[in-house]
Amino acid sequence: MSAQPGIDRGHTDDLMSFLRASPSPYHAVASAAERLEKAGFRRIEETAPWDGTAGGRFVLRGGAIIAWYVPEGAEPATPYRIVGAHTDSPNLRVKPIPDTGAHGWRQIAVEVYGGALLNTWLDRDLGLSGRITLRDGSHHLVTVDRPLLRVPQLAVHLDRSVNTEGLKLDKQRHMTPIWGLGGVEEGDLLRFVAEETGVAAEEIAGWDLMTHSVEPPAYLGRDRELVAGPRMDNLVSVHAGTAALIAAAARQELPYIPVLAAFDHEENGSQSDTGADGPLLGTVLERSVFARGGAYEDRARAFAGTVCLSSDTGHAVHPNYPERHEPGHHPRPNGGPILKVNVNQRYATDGAGRAVFAAACERAGVPWQSFVSHNSMPCGTTIGPITAARHGIATVDIGIAILSMHSARELCGAQDPRLLAKALHAFLEG
């Protein structure tokens with residue numbers, strides 16, 4: 001098999017390992033935390049007092065992680081350079097009373113999370129992941145990474161119009177996965193999860209469980225210049241941001257304090273204690289200022305000099321639907337990261353932000369592209385405008401171009417994740 005010239009696969013191979021290890025937001029932050037700890041960062045608790053000494057630190061809260069590195073000589077008013085991302089992806093999540101079924105089939109009741117492309121979850125082998133909470137308040141990750149559930153599509157013989165009038169799915173009636181045969185037994189799923197996790201079923205007091213495709217990420221194409229895999233929106237950015245922060249921290253002297261802020265719940269509006277519209281980022285940054293001996297004036301000065309790159313996936317031009325894209329802006333895979341612009345503030349980028357991003361790409365030797373939506377197509381949004389509005393921080397929306405966004409399995413260029421990480425590294429170093 002021939003290889004695509006110029007593609008350095010080391011970073012992308014590592015990304016695919018990260019995707020496999022991160023089937024849920026809780027796994028994603030655990031994966032990032034493990035990498036940070038190996039690089040010398042240390043976890044600190046929000047309930048503990050903080051100190052302002054130099055070094056790397058991170059805070060975990062649910063499916064969110066905030067990590068930062070304080071260089072030697074950092075002052076209370078030293079500005080931040082932030083890479084923002086999100087850990088969640090659209091999927092099917094387990095309901096509070098999960099055990100259901102009909103006509104001799106055992107099923108699991110699920111709720112659709114985010115703007116999932118429902119058809120991509122049909123006839124796909126699904127595992128189960130997330131976390132459970134025990135009566136003592138402790139959390140345990142759940143990982144069942146093997147074919148366990150399946151949402152079966154109706155046969156064409158029973159839906160003769162499917163190929164002429166399109167597939168019509170009802171979220172409540174048609175998306176309930178099967179996982180066996182027999183009668184419905186209350187508590188069946190939790191007993192199974194307890195056994196898989198190695199805890200007593202009666203100790204489980206709460207759970208946040210979801211499905212994931214068990215098919216691993218893979219290179220695709222004649223020359224393997226593409227990558228297909230789950231949760232690229234937006235674990236590509238979480239992975240790249242983690243790598244960029246670790247690389248920046250290796251350089252002892254920095255003009256800024258580099259930060260990774262990876263939030264949960266972006267796919268349903270970011271309004272939670274772990275979402276970008278919550279207080280987590282502002283609280284962490286303020287406490288860091290105060291821990292270094294600063295006051296409100298220092299906090300205001302630090303925030304005024306701070307810039308955030310909100311990194312999230314964007315749309316590559318689709319060869320079968322080119323009319324859905326803005327004619328003058330056609331981002332392509334392996335063309336480098338994209339600058340996302342929307343004058344109606346669905347993205348936070350302005351001209352000043354464009355200059356910051358362009359300078360980082362130039363320092364990194366990375367090509368970049370521009371993205372803007374077709375005027376007749378509503379534009380999606382990100383954590384960028386939320387971050388800018390909530391914290392008064394200059395924010396720029398960027399990402400990489402992908403196809404099949406919000407599918408159970410998405411597609412990107414094999415080179416773009418590494419190019420994104422290089423650009424983020426240059427940005428964090430200032």
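- Annotation: side chain of V259 is in contact with side chain of L285 (closest heavy-atom distance under 4.5 Å).
- Side chain to side chain, H86 and D312 meet the donor-acceptor criterion of an N or O pair below 3.5 Å.
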- Message: Could you walk me through whether R61 and E46 satisfy the salt bridge (charged side-chain N to carboxylate O under 4.0 Å, His left out) test, starting with their C-alpha distance in whole Å, then the side-chain angles of each, then the deciding distance to 0.1 Å, before giving a yes or no?
- Response: CA-CA 9 Å; R61 183 192 288 185; E46 293 184 79; 2.5 Å; yes
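- Few gaps surround CD on E196; more than 12 heavy atoms of other groups in view lie less than 6.0 Å from it.
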- Message: Show, in sequence, the C-alpha distance, side-chain angles and deciding distance for H139 and T133, and conclude whether the side chain to side chain donor-acceptor pair (under 3.5 Å) test is met.
- Response: CA-CA 5 Å; H139 303 296; T133 303; 3.0 Å; yes
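- The line from CG of N91 to NE2 of H212 is 10.5 Å long, rounded to the nearest 0.5 Å.
- Taking each heavy atom of G84 and I383 in turn, the nearest pair found is C-CD1, 3.7 Å.
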- Message: Evaluate V227 against L220 for side chain to side chain contact (heavy atoms under 4.5 Å, CB included), listing each step before the verdict.
- Response: CA-CA 6 Å; V227 173; L220 184 143; over 6 Å; no
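- At most 12 non-hydrogen atoms from other residues, nucleotides or ligands lie less than 6.0 angstrom from CD of E195.
- Taking CG of L128 as the start and CZ of F192 as the end, the distance is 7.0 Å to the nearest 0.5 Å.
- With hydrogens and angles left out, the side-chain atoms of D233 and H406 include a donor and acceptor closer than 3.5 Å.
- Under the 6.0 Å cut-off for aromatic ring centres, F18 and H239 qualify, their centroids lying closer than that.
- When atom types are taken as modelled, the side chain of D223 and the backbone of E225 share no donor-acceptor pair closer than 3.5 angstrom.
- A distance of 6.0 Å or more separates the ring centres of W68 and Y80.
- When side chains are defined from C-beta on, S407 counts as touching L117, because their heavy atoms get closer than 4.5 Å.
- H265 and S272 form a side-chain donor-acceptor contact under 3.5 Å, judged by distance and modelled atom types alone.
- Between R124 and E215 a salt bridge is recorded (basic side-chain N to carboxylate O distance below 4.0 Å).
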- Task: Kindly indicate, with the supporting measurements, whether the criterion side chain to side chain contact (heavy atoms under 4.5 Å, CB included) is fulfilled by V307 and T395.
- Result: CA-CA 6 Å; V307 181; T395 304; over 6 Å; no
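- Atom CZ of R363 has more than 12 heavy atoms from other residues, nucleotides or ligands within 6.0 Å.
- Checked by atom type, the side-chain pair N234/T313 shows no donor-acceptor distance below 3.5 Å.
- Between the side chains of S237 and S311, at least one donor-acceptor pair of N or O atoms lies under 3.5 Å.
- Checked by atom type, the side-chain pair S22/S31 shows a donor-acceptor distance below 3.5 Å.
- Ion pairing of D51 with R42 is present here, as a side-chain N (NZ or NE/NH1/NH2) and a carboxylate O approach within less than 4.0 Å.
- A distance of 4.0 Å separates OG1 in T211 from CG in L92, rounded to the nearest 0.5 Å.
- Between H325 and H330, the ring planes are perpendicular. Angles over 60° get that label, and only those under 30° would be called parallel.
- Aromatic rings of F290 and W50 (six-membered ring for Trp) have centroids beyond the 6.0 Å cut-off, not under it.
- Under the salt bridge (charged side-chain N to carboxylate O under 4.0 Å, His left out) rule, R20 has a single partner from D13, D145, D14, which is D145.
- Taking the six-membered ring where tryptophan is involved, the planes of F41 and Y69 are tilted, since the angle between them lies from 30° to 60°.
- Once rounded to the nearest 0.5 Å, the distance linking CG of D125 with CG of L148 reads 10.0 Å.
- Around atom CG of N375, no more than 12 heavy atoms belonging to other residues, nucleotides or ligands sit under 6.0 Å away.
- For the pair R93 and D88, the salt-bridge criterion is not met [side-chain N within less than 4.0 Å of a carboxylate O].
- Electrostatic pairing of E429 and R251 counts as a salt bridge here, judged by a charged N lying under 4.0 Å from a carboxylate O.
- Atom CD of E253 is surrounded by 12 or fewer heavy atoms from other residues, nucleotides or ligands within 6.0 Å.
- More than 12 non-hydrogen atoms from other residues, nucleotides or ligands lie less than 6.0 angstrom from NZ of K95.
- When all heavy atoms of E410 and M232 are compared, the closest pair comes out as OE1-N, 2.9 Å.
- Under the 3.5 Å distance criterion, with hydrogens and angles disregarded, no donor-acceptor pair is assigned to the side chains of H27 and S129.
- Counting heavy atoms from C-beta outward, L189 and W207 have side chains that stay 4.5 Å or more apart.
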- Query: Going through the checks in order, is the salt bridge (charged side-chain N to carboxylate O under 4.0 Å, His left out) test met by R35 and E37?
  - Reply: CA-CA 5 Å; R35 291 162 182 254; E37 286 182 326; over 6 Å; no
